[in-house]
Structure formats: C-alpha cells, structure tokens
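Structure, as structure tokens:
From a predicted model like this one, the values you see are computed outputs, not experimental measurements.
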Amino acid sequence: MKKEFICKFNNQRIYGILFLPDNIDKKIPIIILSHGLSLDHTLMIPYAEKLLKHDIASYVFDFRGGGYDSKSDGKISEMSILTEIDDLNSVIDNIKELDYIDSERIYLAGHSQGGLVSSLVANNRPDDIKGLFLFAPAYIIPDDMKELDNPREKNVINIMPEYTGQIYIDGANSINLYDDILDFKKEVYIFHGKLDSRVYLKYSIEANELYENSTLIVFDEEEHRFTDDAKEIVVEKISDVLKK
C-alpha cells in the first residue's frame with residue numbers, strides 16, 4: 001500500500017510517500033529514506049518497493065529545494081545541509097505521531113548527501129533513532145569545501161553550480177564531521193562502491209573505523225549510485241537487521 005503523507009516545516013510542505021504493508025495489526029518499524037543532492041524521492045522508491053516485499057514500511061520524501069524535480073516547497077538556492085537537517089527532523093516528528101508506527105523502531109537510511117544528513121540527525125537524537133543504513137554517505141562534503149578555488153570535477157559544488165552558492169557553502173562549512181556524527185552508538189551499516197568517484201570509499205572506511213558499532217559492506221563493481229543487484233543486497237541486510 002502506498003499513500004501520500006505531507007509534513008510541514010515553517011509552513012512549507014515536505015512531500016512524501018508512505019510504503020506500508022497491507023495488513024497492519026500491530027505497531028511496526030519504519031525506515032525513512034533520504035535522497036541525495038539534486039535528486040528527489042524517486043531515487044529511493046526502488047529501495048522502498050523492495051523493502052515492502054519484506055513487509056517493511058518506509059517513507060520516501062523530497063527535501064525542500066533539494067532537487068530539480070522536488071515536489072516539496074522551497075528554493076534550491078535556499079537549500080543547505082542545515083535546511084535538510086530541519087526537514088528530516090520534521091519528518092521524524094511527524095512519522096512518530098502515526099498510531100501504527102513503533103516510535104522506538106525508527107531507522108534512517110540515506111544516499112550520498114542524504115546519508116550525511118541522516119548521520120547528523122541521528123547523532124543529535126539517538127533516543128529516537130534505532131539504527132542507520134548509509135548508501136555512499138557524502139562524508140567528503142566538508143573536504144570539498146576546502147578546495148573551492150580549484151574544485152575537482154565531481155566536487156559537490158559542481159552538482160548544481162547555478163544554485164549551490166554561499167548559503168550551501170556556509171552550511172557545509174559548519175560541519176565538524178566526526179565530532180558531529182560519532183555520538184551515535186547504535187548500529188550503523190555503511191554500503192559503498194569501490195568504483196565511486198564522487199564520494200571516495202576511503203571516507204566510509206574511516207567512518208566505519210571511528211563509529212563504535214559499525215559494519216561496512218563494500219561492492220567491488222559499484223559506483224556512486226547502486227545497481228539493482230546491489231540494492232537487493234542492501235535491502236536483504238536491512239531486512240535481516242530489522243527481523244533479528
């Protein structure tokens with residue numbers, strides 16, 4: 001079963017879709033799936049559909065101003081990691097209020113910048129988040145900010161160069177990466193492709209070593225966006241964790 005579910009932040013709409021098992025007779029866990037920069041909720045729908053085959057509920061949504069085809073309010077030029085943190089916090093607060101959701105079993109998952117944002121939010125509200133599933137998390141972003149005078153081709157600032165200006169840069173520069181994520185002591189699963197040229201694997205290796213309770217799964221033949229086969233493996237792992 002799928003249904004639209006709209007959240008709000010400062011009177012702005014955050015568009016999303018709930019993916020729910022057909023027969024809900026008890027409180028159920030849920031995974032909130034966050035997309036990457038310039039993208040939208042449709043990137044996360046394949047994960048949601050695969051999770052639903054395992055009777056696992058999920059929520060996909062558009063960050064305000066987070067991508068060219070976003071259905072949420074907000075301008076791309078006003079978007080930053082900080083506004084996305086606000087959005088994800090609002091989503092969590094709204095999801096917690098659903099009477100069929102087990103508020104003690106809310107998980108966060110995210111791709112690229114969505115993975116970074118999920119890590120930052122989980123760090124600040126560990127009592128609300130049961131665990132993290134991160135797909136090529138963009139832990140490189142703070143370092144990308146250090147090379148803006150001569151950025152590499154795949155520097156995050158080049159993804160939407162007509163929009164990612166000083167608001168975005170200031171938000172990214174406010175992050176002290178490992179100081180801001182490592183207070184989260186619950187389970188963390190990081191999935192990363194060895195061929196990823198946008199977010200280098202070394203960042204996930206380092207995070208995995210520093211997180212207290214982390215597992216890193218490396219795909220030898222995957223790039224920044226995973227193939228369907230890799231997504232199947234990710235979802236199988238999520239299912240194993242939620243049902244153990």
Hydrophobic cluster identity match, [X] and [Y], side-chain contacts under 4.5 Å:
X: Tyr200; Y: Tyr178; value: yes
X: Ile24; Y: Leu51; value: no
X: Leu88; Y: Leu43; value: no
X: Tyr139; Y: Leu120; value: yes
X: Leu242; Y: Ile101; value: no

Given side chains that start at C-beta, do those of [X] and [Y] come closer than 4.5 Å, heavy atoms only?
X: Pro137; Y: Ile190; value: yes
X: Ile217; Y: Val234; value: no
X: Leu134; Y: Val188; value: yes
X: Lys96; Y: Ile106; value: yes
X: Val117; Y: Glu84; value: yes
X: Leu18; Y: Ile30; value: yes
X: Thr164; Y: Ile159; value: no
X: Ile32; Y: Ser58; value: no

Taking [atom1] in [X] as the centre, count heavy atoms belonging to other residues, nucleotides or ligands within less than 6.0 Å. Is the count above 12?
X: Lys2; atom1: NZ; result: no
X: Lys243; atom1: NZ; result: yes
X: Arg105; atom1: CZ; result: yes
X: Gln166; atom1: CD; result: yes

Ion pair check, [X] and [Y], cut-off under 4.0 Å:
X: Lys194; Y: Asp220; value: yes
X: Asp143; Y: Lys146; value: yes
X: Asp87; Y: Arg64; value: yes
X: Lys130; Y: Glu104; value: no
X: Asp144; Y: Lys154; value: no

Keeping [X] on the side-chain end and [Y] on the backbone end, is there a donor-acceptor pair under 3.5 Å?
X: Lys202; Y: Val199; answer: no
X: Asn208; Y: Leu216; answer: yes
X: Ser239; Y: His54; answer: no
X: Ser174; Y: Gly171; answer: yes
X: Asn123; Y: Asp180; answer: yes
X: Lys186; Y: Pro126; answer: yes
X: Asn94; Y: Ser90; answer: yes

With rounding to the nearest 0.5 Å, note down the distance linking [atom1] in [X] to [atom2] in [Y].
X: Arg225; Y: Arg198; atom1: CZ; atom2: CZ; result: 8.5 Å
X: Gln12; Y: Ile14; atom1: CD; atom2: CD1; result: 8.5 Å
X: Asn124; Y: Ile181; atom1: CG; atom2: CD1; result: 11.5 Å
X: Ile85; Y: Ser34; atom1: CD1; atom2: OG; result: 11.0 Å
X: Leu33; Y: His111; atom1: CG; atom2: NE2; result: 12.0 Å
X: Tyr189; Y: Thr215; atom1: OH; atom2: OG1; result: 5.0 Å

Quiz item: Of the options Tyr47, Tyr15, Phe5, which is the one that meets His41 in a ring-ring contact (aromatic ring centres under 6.0 Å, His included)?
Solution: Tyr15
[X]-[Y] side chain donor-acceptor pair, cut-off 3.5 Å:
X: Asn155; Y: Glu147; value: yes
X: Asp196; Y: His224; value: yes
X: Asp229; Y: Thr227; value: no

Exercise. Check the pair Leu82, Ile175 against side chain to side chain contact (heavy atoms under 4.5 Å, CB included), reporting the backbone distance first and the verdict last.
Key: CA-CA 9 Å; Leu82 301 184; Ile175 298 168; 5.5 Å; no
Exercise. Would you sort out whether Asp40 and Ser70 count as a side chain to side chain donor-acceptor pair (under 3.5 Å), showing the intermediate values?
Key: CA-CA 6 Å; Asp40 57 71; Ser70 175; over 6 Å; no
Grab the two heavy atoms, one from [X] and one from [Y], that are nearest each other, plus how far apart they are.
X: Leu132; Y: Ser118; value: CD2-O, 3.7 Å
X: Phe226; Y: Glu222; value: CA-OE1, 3.3 Å
X: Val60; Y: Ala48; value: CG1-CB, 3.9 Å
X: Arg13; Y: Ile6; value: CG-CG2, 3.4 Å
X: Met145; Y: Val156; value: CE-CG1, 3.5 Å
X: Ala57; Y: Pro29; value: CB-O, 3.6 Å

Quiz item: Any chance the rings of Phe135 and Phe133 have centres within less than 6.0 Å?
Solution: no
Practice problem: Keeping to residues at least two apart or across chains, list the salt bridge (charged side-chain N to carboxylate O under 4.0 Å, His left out) pairs with something in residues 106-125. | Solution: Asp93-Arg125, Arg125-Asp128
Quiz item: Should the pair Phe61 and Tyr59 be assigned to parallel (<30°), tilted (30 to 60°) or perpendicular (>60°) ring geometry?
Solution: parallel
Quiz item: For Glu187 and Val241, what are the C-alpha separation, side-chain angles and deciding distance, and is it a side chain to side chain contact (heavy atoms under 4.5 Å, CB included)?
Solution: CA-CA 9 Å; Glu187 287 186 306; Val241 172; 3.8 Å; yes
Quiz prompt | Trace of the side chain to side chain contact (heavy atoms under 4.5 Å, CB included) decision for Gln113 with Ile141 | solution = CA-CA 8 Å; Gln113 182 166 293; Ile141 288 177; 3.5 Å; yes
Quiz item: How far apart are the C-alpha atoms of His35 and Phe63, what are their side-chain angles, what is the distance that settles it, and do they pass the ring pair (Phe, Tyr, Trp, His ring centres under 6.0 Å) test?
Solution: CA-CA 8 Å; His35 65 80; Phe63 285 110; 5.1 Å; yes
Exercise. Evaluate the side chain to side chain contact (heavy atoms under 4.5 Å, CB included) criterion for residues Met79 and Leu37: first the C-alpha distance (whole Å), next the side-chain angles of each, then the deciding distance (0.1 Å), finally the verdict.
Key: CA-CA 10 Å; Met79 174 274 305; Leu37 181 63; 3.3 Å; yes
